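Values reported hereafter were calculated over all heavy atoms of this structure, with side chains retained and with hydrogens, waters and symmetry mates removed. Values in this document were obtained by computation on a predicted structure and should not be read as measured data. Sequence lines set the chain letters: A, B, ... in the order given, protein chains first and strands last, and positions in each chain run from 1.
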Amino acid sequence: MEILIPVIIVAVIGLIAGVGLSLASKFMAVPIDEKQEKIRAALPGANCGACGYSGCDGYAAALVAGEAAPDKCAPGGADAAAAIAEILGVEVKSEAKIAFIACKGGCENTITKYAYSGIQSCGAANGLSGGPLACEYGCIGFGDCFKACQFGAIKMENGRPVICPDTCTGCGKCTLVCPKSLISLVPKDYKTAVACSNKKKGATVVKNCKVSCIACGMCAKACESGAIKLENNLAVIDRSLCTGCGKCREACKRGVII
Amino acid sequence: MNSNTAIASVLLAAILTNNMVLSKFLGICPFLGVSKKTGTAFSMSVAVTLVMVVSTAVTWPIYHFILAPDYTYLETIVFILVIAAIVQLIEIVLKRYIKPVYNALGIYLPLITTNCAVLGITMLNITNGLGFVQSLFNALGAGLGFMLAMLLFSGVRERLEMADIPEFLKGLPITLIAASLVSLSFLGFAGIGG
């Protein structure tokens with residue numbers, strides 16, 4: 001009998017707590033939109049913040065409130081956008097995106113301007129006269145983008161970042177941290193791209209970097225659909241005109257078009 | 001000693017001398033886990049302080065009017081039960097009535113359910129034989145002490161992020177070393193406030 005009283009005490013306290021909680025959750029429940037729950041389930045749940053909201057919950061709430069477009073979720077991509085659009089009953093046009101680094105340089109291909117021994121981050125190095133490499137437009141190679149990537153889609157190879165197309169979700173986190181603004185989001189099935197951002201004249205560029213666009217114009221001549229133009233000493237490809245024939249890639253002596 | 005100075009001394013002792021994290025080594029999990037940024041450290045500390053005070057207000061009467069004197073050995077299990085329920089209740093109430101606070105605390109509120117610092121302070125109040133009002137102030141002090149430790153340490157960690165740390169110390173090792181040094185500095189408060 002001795003054991004009965006303590007058991008009853010714990011049981012009663014537990015019961016009071018349980019009943020109290022269930023009553024509280026019933027009477028003080030906040031009505032959650034059914035749509036919001038469904039949308040939340042359709043989102044990948046990475047809480048990466050690429051949509052511009054505090055997390056998947058915040059984005060779902062904004063979607064229900066009609067404040068957000070359904071194609072903002074980068075990790076979820078087209079699948080999530082389609083699912084959200086179906087729940088909300090709207091149509092969506094979206095294409096999968098991928099990060100692209102407009103530089104092929106890095107410490108192997110570019111001449112070093114000075115020896116840098118400070119904090120190993122692109123942001124810090126960039127503050128010191130644009131970083132230790134001679135090309136002031138190019139990749140510094142300390143891997144700020146590599147550190148920013150939540151999905152492990154950026155690898156550092158020979159001192160420069162390489163994007164792994166299979167794991168890149170196109171969330172765009174890396175585009176924000178690059179002090180040189182080299183990374184941009186491009187359509188996942190992009191056919192051609194110019195991997196150089198140097199706007200200096202050809203003679204200077206040639207000296208500084210082995211893989212740089214010198215604006216020779218060979219690609220523009222080779223292009224049959226007239227998609228390539230030269231702007232600011234750089235080849236620029238108009239994706240709406242590009243047929244993906246690959247003639248520019250063959251024509252480029254510097255290996256900059258990929 | 002009149003009651004005001006007694007309460008002031010309880011408060012001071014709880015914040016500095018008997019600092020939950022740095023002197024009693026309770027609540028190390030959030031101390032190491034959520035102290036990376038000052039903002040989140042602050043949210044977590046506010047949530048912990050709130051839960052500590054409310055749990056003390058509930059567990060003290062339970063102990064003294066229901067458990068004492070025969071069933072004091074039920075202390076731990078009953079306190080855990082009550083604290084878990086209180087945290088859930090606070091979450092529901094905040095969500096209903098003070099939505100901004102609920103949003104600001106976010107994930108940190110439910111995390112506190114299993115925070116040993118909360119259970120620790122409620123049990124220490126009983127062990128030290130404090131009265132009801134003193135217990136409340138002790139809990140408030142412990143919460144503020146937790147906040148002080150979190151904010152100090154998040155500052156240290158934000159500096160560590162920028163420091164050039166040897167490869168073998170990067171991450172958790174340097175964090176633990178830093179924690180021990182911060183804790184060591186709190187040894188200087190020993191003896192103040194009783």
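Side-chain contact check for Ile119(A) versus Asp164(B): every heavy-atom pair is 4.5 Å or farther apart. Leu21(A) has its side chain within reach of Ile92(B): a pair of non-hydrogen atoms, C-beta onward, lies under 4.5 Å apart.
Within a 6.0 Å sphere centred on CD1 of Ile3(A), heavy atoms belonging to other residues, nucleotides or ligands number 12 at most. Sparse packing is recorded around CZ of Phe146(A), with 12 or fewer heavy atoms of other residues, nucleotides or ligands lying under 6.0 Å away. Annotation: Glu86(A), atom CD; neighbour count of heavy atoms from other residues, nucleotides and ligands within 6.0 Å does not exceed 12. Around OH of Tyr116(A), the count of heavy atoms belonging to other residues, nucleotides or ligands within 6.0 Å exceeds 12.
Of the atoms belonging to Leu67(B), it is side-chain heavy atoms, and not backbone ones, that fall under 4.5 Å from chain A. Looking at Ile9(A), only its side chain comes within 4.5 Å of chain B, counting heavy atoms on both sides. Looking at Leu81(B), the atoms closer than 4.5 Å to chain A (heavy atoms on both sides) all sit in the side chain, from C-beta outward.
Atoms CD and OG, on Gln88(B) and Ser22(A) in that order, are 11.5 Å from each other to the nearest 0.5 Å.
In terms of the side chain to side chain donor-acceptor pair (under 3.5 Å) criterion, Asn208(A) has no residue partners (sequence neighbours excluded).
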